[in-house]
Protein chains: 4
Amino acid sequence: MDKKNNGKKITAAVVGANGYTGYELLKLLARHPSVERVIAASRSNEGEKITTLYPTLEPYFGGEVFRGCGDGIIKSADVAFTALPHTVGAALGGSLYDSGVKLIDLSADFRYDSLALYESTYKVSHPRADLNEKAVYGLCELNREKIRKADIVGNPGCYTTAAILALYPLIREGVVQSEGIIVDGKSGITGAGRKSDTTYSFCEADENFKTYSPVGHRHTSEMTEKLGIKSLSFTPHLLPVKRGILQTIYARANTENYARIEAAYKKYYSGEKFVGFTAEALPETKHVRGSNRCLIGAVIDKENSLIKIVSVIDNLIKGASGQAVQNMNIMLGLDETAGLPLIGEQL
Amino acid sequence: MDKKNNGKKITAAVVGANGYTGYELLKLLARHPSVERVIAASRSNEGEKITTLYPTLEPYFGGEVFRGCGDGIIKSADVAFTALPHTVGAALGGSLYDSGVKLIDLSADFRYDSLALYESTYKVSHPRADLNEKAVYGLCELNREKIRKADIVGNPGCYTTAAILALYPLIREGVVQSEGIIVDGKSGITGAGRKSDTTYSFCEADENFKTYSPVGHRHTSEMTEKLGIKSLSFTPHLLPVKRGILQTIYARANTENYARIEAAYKKYYSGEKFVGFTAEALPETKHVRGSNRCLIGAVIDKENSLIKIVSVIDNLIKGASGQAVQNMNIMLGLDETAGLPLIGEQL
Amino acid sequence: MDKKNNGKKITAAVVGANGYTGYELLKLLARHPSVERVIAASRSNEGEKITTLYPTLEPYFGGEVFRGCGDGIIKSADVAFTALPHTVGAALGGSLYDSGVKLIDLSADFRYDSLALYESTYKVSHPRADLNEKAVYGLCELNREKIRKADIVGNPGCYTTAAILALYPLIREGVVQSEGIIVDGKSGITGAGRKSDTTYSFCEADENFKTYSPVGHRHTSEMTEKLGIKSLSFTPHLLPVKRGILQTIYARANTENYARIEAAYKKYYSGEKFVGFTAEALPETKHVRGSNRCLIGAVIDKENSLIKIVSVIDNLIKGASGQAVQNMNIMLGLDETAGLPLIGEQL
Amino acid sequence: MDKKNNGKKITAAVVGANGYTGYELLKLLARHPSVERVIAASRSNEGEKITTLYPTLEPYFGGEVFRGCGDGIIKSADVAFTALPHTVGAALGGSLYDSGVKLIDLSADFRYDSLALYESTYKVSHPRADLNEKAVYGLCELNREKIRKADIVGNPGCYTTAAILALYPLIREGVVQSEGIIVDGKSGITGAGRKSDTTYSFCEADENFKTYSPVGHRHTSEMTEKLGIKSLSFTPHLLPVKRGILQTIYARANTENYARIEAAYKKYYSGEKFVGFTAEALPETKHVRGSNRCLIGAVIDKENSLIKIVSVIDNLIKGASGQAVQNMNIMLGLDETAGLPLIGEQL
């Protein structure tokens with residue numbers, strides 16, 4: 001994919017382009033006004049025409065093939081996105097960083113401040129522990145200044161993005177207690193990635209709803225570390241939709257004054273294009289499907305002294321590839337909204 | 001619908017047969033081995049052929065028409081099911097009771113012990129307050145002996161059935177605290193009834209997920225009254241599926257001993273055909289879709305001192321029409337499982 | 001699964017019980033009033049608890065395990081259903097027949113009168129060519145008398161069932177020409193079987209519609225042989241639904257007199273419980289989902305001298321397992337409707 | 001919605017903005033690089049905030065309200081899109097044309113060359129018969145030069161767009177016969193518009209598939225007029241998807257030489273951005289969902305002397321609002337692809 005462009009001309013590489021987040025990155029980058037060239041790499045599809053796997057990309061990638069993940073051309077990119085399993089992301093991404101490529105890693109490898117917490121959560125040794133301190137957590141709205149100067153960004157998890165954006169202001173401003181938080185999460189099936197697993201087959205997943213990993217889901221420790229709290233209870237569920245996360249969050253209220261909720265969100269997100277507060281009109285997943293936005297609403301349940309918060313994102317965009325492009329925009333000094341969809345699909 | 005039958009020969013009337021619970025009652029009763037005749041009544045469809053609205057019922061109701069809701073023939077029934085809005089259910093059902101028909105009312109009118117709680121919850125005057133004391137709450141597994149002798153049964157709400165069956169044993173046996181319970185409920189769209197409302201249109205509801213009535217949903221007071229607790233926080237959500245309720249319930253643990261959970265459920269449900277305990281293999285909605293079963297699973301979240309309980313039902317069957325037929329079976333001294341599906345559809 | 005039963009007591013075996021048609025057979029047989037015992041066999045699941053794969057079957061198969069496909073106990077069955085790939089069906093089913101078990105084979109192996117046509121269509125040698133003449137084509141409504149005396153039945157294909165039932169009367173009665181027939185078929189995804197193939201994953205199949213095998217689909221030769229015509233053009237499509245086939249059939253009209261259409265269907269299907277003619281009110285897939293019925297409607301397109309016929313079935317029931325049970329009922333002299341659902345699910 | 005822009009600065013009005021095609025126009029125009037201002041008008045929503053109906057449009061229309069359809073400000077627009085029922089489109093659109101606004105009408109009112117054919121098809125008198133000769137049929141790829149000079153464009157129907165683009169080259173080049181063509185059409189539910197009709201409710205439409213208007217659908221005469229043929233047989237079906245049309249077209253082959261098919265499509269569509277020929281790899285609706293593209297594939301069925309053509313579009317984009325914007329681009333001398341999505345959503 002080549003295109004003419006004014007201003008900065010960027011070459012971006014997507015390593016692990018055969019998964020759903022890889023596909024979404026290709027789509028976003030193909031239409032990005034400052035990206036001149038996109039290199040798509042995939043171990044399992046090396047040498048195959050991109051349009052064989054993705055007929056929809058024909059207008060931008062017609063005739064091109066997937067590179068191998070070790071192809072030298074990737075090192076010529078200005079920025080690389082690694083959409084790979086954990087440990088593979090750090091190993092392969094680390095060598096790209098070593099070659100001077102700015103790295104945005106979509107695995108869990110560079111998300112944690114605490115190496116020990118990463119290793120205990122994922123039950124592995126970090127293959128590039130030496131780089132962990134250089135990496136910045138890429139939750140754009142809360143970490144923008146650090147991202148601006150970063151060469152390695154750990155792109156946040158999908159559930160965590162929705163949860164942290166919703167909780168951070170309320171915890172920091174003392175609107176809710178940091179103990180006893182319950183996060184009841186629901187995600188569309190693209191969250192599981194491109195898998196040939198009957199669990200995610202149409203016949204097994206449609207018209208069904210279920211819980212999974214009811215205790216100890218890995219995103220839990222990412223949430224607690226970033227929120228600076230000791231624990232929370234997180235329970236993910238599988239929705240029969242393609243895209244979308246809705247988190248219903250129960251937090252013990254320190255106040256019954258709704259204005260304090262509004263003030264907290266205003267303080268952190270006023271002026272943000274990609275995070276919106278909808279007050280008591282709670283957002284629905286279709287309000288953000290296909291967009292890079294996170295919408296947050298809240299109500300007070302006085303009888304139970306709770307604040308109920310609802311947070312929605314498109315798991316493939318703000319929850320993965322869109323936020324990755326937002327991180328690229330920040331790292332490279334581009335307009336932060338460039339190439340990112342603002343309007344959800346609704347229909 | 002007429003059919004020959006041995007043993008007791010029952011005539012059953014369904015008043016309000018044009019809604020989804022009405023339809024489901026017609027289906028169940030048509031195949032019930034002890035029901036000889038089914039009278040279908042509907043105000044808005046009076047005089048219309050039943051198969052015009054329900055082509056699927058042709059094998060049993062071919063040629064028959066809907067009666068009006070005031071048709072005298074309804075009084076000849078042994079048992080009447082009123083599937084009508086609240087206050088209408090009690091008014092019309094009450095007059096059937098006065099005529100000696102056993103009444104199973106699917107509205108909220110006869111669900112409450114406390115008339116005051118009913119009236120404050122539904123913001124109406126009870127049209128037949130005189131009958132409230134005679135009515136028995138029709139949660140079969142917990143109230144069987146009273147149902148056996150009842151002439152009026154208030155059929156439970158759908159969310160409440162799933163929540164009470166899950167919580168009652170644990171609260172009674174002291175396995176969980178009665179304070180701070182959170183019920184995160186998700187229901188399929190048939191729960192909203194047959195509505196020509198764009199909210200429930202395919203284009204607006206498919207690929208979407210949302211919260212509604214996030215504070216003060218009416219089923220809350222039904223849950224607290226029957227569980228004998230002061231309050232709980234209930235938040236319903238709308239799933240893009242036709243049928244199915246899954247309740248994710250968070251209760252503060254009094255114990256970390258899983259055997260106490262098992263013992264509690266065993267005590268209440270051992271031998272029950274329609275309630276099953278799946279232990280830590282949490283049930284999914286497809287496991288009960290199309291059946292009259294409620295499946296309950298539970299895990300202990302030690303880090304947060306919570307017990308997480310998952311309870312699933314088919315909202316139109318165990319959550320409405322199936323339980324209504326189960327109540328009929330008990331009231332009339334029939335085999336309690338007669339005419340009720342045990343196997344969920346899964347596919 | 002054991003159950004008490006009056007009258008004949010049958011033991012039935014399902015070989016290949018781990019696929020979708022196998023599952024549906026287990027469900028139907030479990031509830032069948034004359035079936036006392038069901039043996040479930042599966043090569044890949046041998047020794048595994050049935051409820052691990054199928055939690056919904058717990059009320060009937062709780063505690064039982066899958067047998068291996070070669071387990072000697074299968075030969076003790078009165079009747080065996082082989083739900084296996086072609087050639088495997090005939091080989092394994094043939095040895096059961098040799099042992100005196102009545103055989104209903106759901107593969108294509110025993111569907112053809114012409115061995116040569118079978119072998120050229122499926123591009124294999126028939127492993128039990130010696131049995132082909134003994135086998136009867138199990139399209140119940142058109143072949144009932146032969147089925148009654150058969151020891152081997154070749155259960156028809158799903159698309160073919162819907163097409164032949166719709167076309168046979170009109171061709172035989174000369175209402176349509178036998179040349180130039182076009183069958184535009186659409187099937188739900190269970191038609192592809194339980195497959196861990198991304199093509200049938202929720203994310204790839206939902207909100208999509210496509211053609212497949214646009215020329216030369218194997219069911220074509222089954223249709224032409226049974227209809228006694230030289231050729232027809234059949235094009236299958238994949239619907240984003242679990243169950244259901246709708247065939248839109250275009251046939252050149254020999255008449256503009258609608259009464260001749262009605263008379264043709266009446267002649268063949270009058271009194272049939274499982275085949276219905278809906279005239280110009282064309283049937284929808286939900287009218288038969290979950291039932292063993294085939295509904296057929298037709299309109300005349302005078303401007304184009306065509307008769308358009310719409311035929312619907314549930315591909316897993318009348319298109320596979322339900323018809324197989326119907327064949328069993330006929331072969332064993334039972335009530336032909338025993339254990340077979342008449343009412344479609346609609347919701 | 002105001003935005004800065006270089007080059008031409010356009011004000012566009014959408015009249016009838018409360019329907020699905022109106023919504024899609026608002027989305028496309030909001031992101032269009034040459035559109036400075038979008039006026040949204042709706043009779044039934046006059047005075048209501050746009051974001052109340054469409055929360056997703058908040059980033060572009062936050063704070064704005066729907067105008068009434070007769071609001072004088074509409075006459076200040078450079079171009080108006082009328083997304084209204086037939087006869088209303090011509091009446092209201094005609095008065096905008098009288099005021100000097102370029103008109104793109106999405107109803108059927110300006111699609112026909114023959115006024116008589118329009119009036120007999122829609123069974124109405126044309127309210128602005130005087131303007132019919134000035135109107136140009138807006139099928140961009142086949143009528144570009146006329147559109148360039150037009151002040152009134154009749155935007156094509158959705159089914160017709162997919163059928164004509166597929167058939168026109170083959171008929172013109174003599175690859176297929178013009179007699180005996182059969183068009184088996186399938187459309188997503190947005191094709192029915194925003195309707196509070198239980199037929200289109202999730203519970204009635206999901207997991208269902210059906211035919212409708214099996215004879216004499218109005219789009220038939222639009223197809224035959226534009227293709228210059230005497231008749232064809234068109235049968236629409238309702239798919240349980242939101243968006244997407246797939247037409248399976250059966251035409252009698254004049255040749256068995258595939259190269260002639262390729263040559264025909266190449267002659268008409270070579271260099272077209274929005275129409276693609278996929279040869280024997282037949283396209284699926286997800287390949288174009290969310291994009292303004294039409295993809296066409298074809299196979300030869302030699303045994304039946306047929307060419308089977310499959311044509312797919314997104315009914316709301318290339319089938320309605322996208323093509324309308326493409327018409328605007330042509331009429332106003334803008335880049336024809338401006339503001340129009342090229343990549344389908346796939347997931």
Side-chain angles (χ1 to χ4, degrees), chain A residues 17-24 27 42 44-45 48 52-57 158 186-212 237-245 285-286 289-290 314-317 319-321 345-347, chain C residues 17-24 27 42 44-45 48 52-57 158 186-212 237-245 285-286 289-290 314-317 319-321 345-347:
Chain A
N18 59 318
Y20 289 155
T21 54
Y23 171 67
E24 204 70 20
K27 276 204 333 192
S42 159
S44 49
N45 299 73
E48 189 184 296
T52 300
L53 188 62
Y54 303 134
T56 53
L57 296 181
C158 52
K186 299 92 175 174
S187 175
I189 298 175
T190 51
R194 167 178 278 126
K195 292 229 184 83
S196 55
D197 180 331
T198 53
T199 304
Y200 307 114
S201 71
F202 184 88
C203 297
E204 311 273 332
D206 192 47
E207 283 284 312
N208 191 36
F209 183 67
K210 67 168 189 172
T211 317
Y212 63 98
H237 299 72
L238 192 68
L239 281 174
V241 305
K242 295 189 178 187
R243 295 157 170 267
I245 281 177
T285 60
K286 71 179 173 188
R289 190 177 61 237
D314 182 318
N315 55 298
L316 288 183
I317 308 189
S321 306
E345 290 301 328
Q346 189 162 316
L347 292 176
Chain C
N18 59 318
Y20 289 155
T21 53
Y23 171 66
E24 204 70 21
K27 276 203 333 192
S42 158
S44 50
N45 298 72
E48 189 184 294
T52 301
L53 188 62
Y54 302 134
T56 53
L57 296 182
C158 50
K186 299 90 176 175
S187 173
I189 299 177
T190 50
R194 168 177 277 126
K195 290 230 184 82
S196 56
D197 180 331
T198 53
T199 303
Y200 306 114
S201 72
F202 184 88
C203 296
E204 311 272 333
D206 192 44
E207 284 283 312
N208 191 36
F209 183 67
K210 68 169 189 172
T211 317
Y212 64 97
H237 298 73
L238 193 68
L239 282 174
V241 305
K242 294 188 179 188
R243 295 158 169 267
I245 281 178
T285 59
K286 72 179 173 189
R289 190 179 59 237
D314 182 319
N315 55 297
L316 288 182
I317 309 188
S321 306
E345 290 301 329
Q346 187 163 317
L347 292 177

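Just the heavy atoms: all of them, side chains too, but no hydrogens, waters or symmetry mates, feed the values below. Throughout, protein chains are lettered first and strands after them, A, B, ... in sequence-line order, and every chain is numbered starting at 1.
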> Indicate the atoms forming the closest heavy-atom contact of C:Phe202 with A:Ala205, along with that distance.
CB-CB, 4.3 Å
> Measure distances from C:Asp197 to the heavy atoms of chain A and classify the residue's part below 4.5 Å as side chain, backbone, both or neither.
backbone
> Pick whichever of A:Val241, A:Thr190, A:Asp206 has the most heavy-atom pairs under 4.5 Å with chain C.
A:Asp206
> Which heavy atom in A:Glu204 sits nearest to a heavy atom in C:Tyr20, and how many Å separate them?
OE2-OH, 2.7 Å
> Can you tell me how far the SG atom of A:Cys203 sits from the CZ atom of C:Arg243, to the nearest 0.5 Å?
9.5 Å
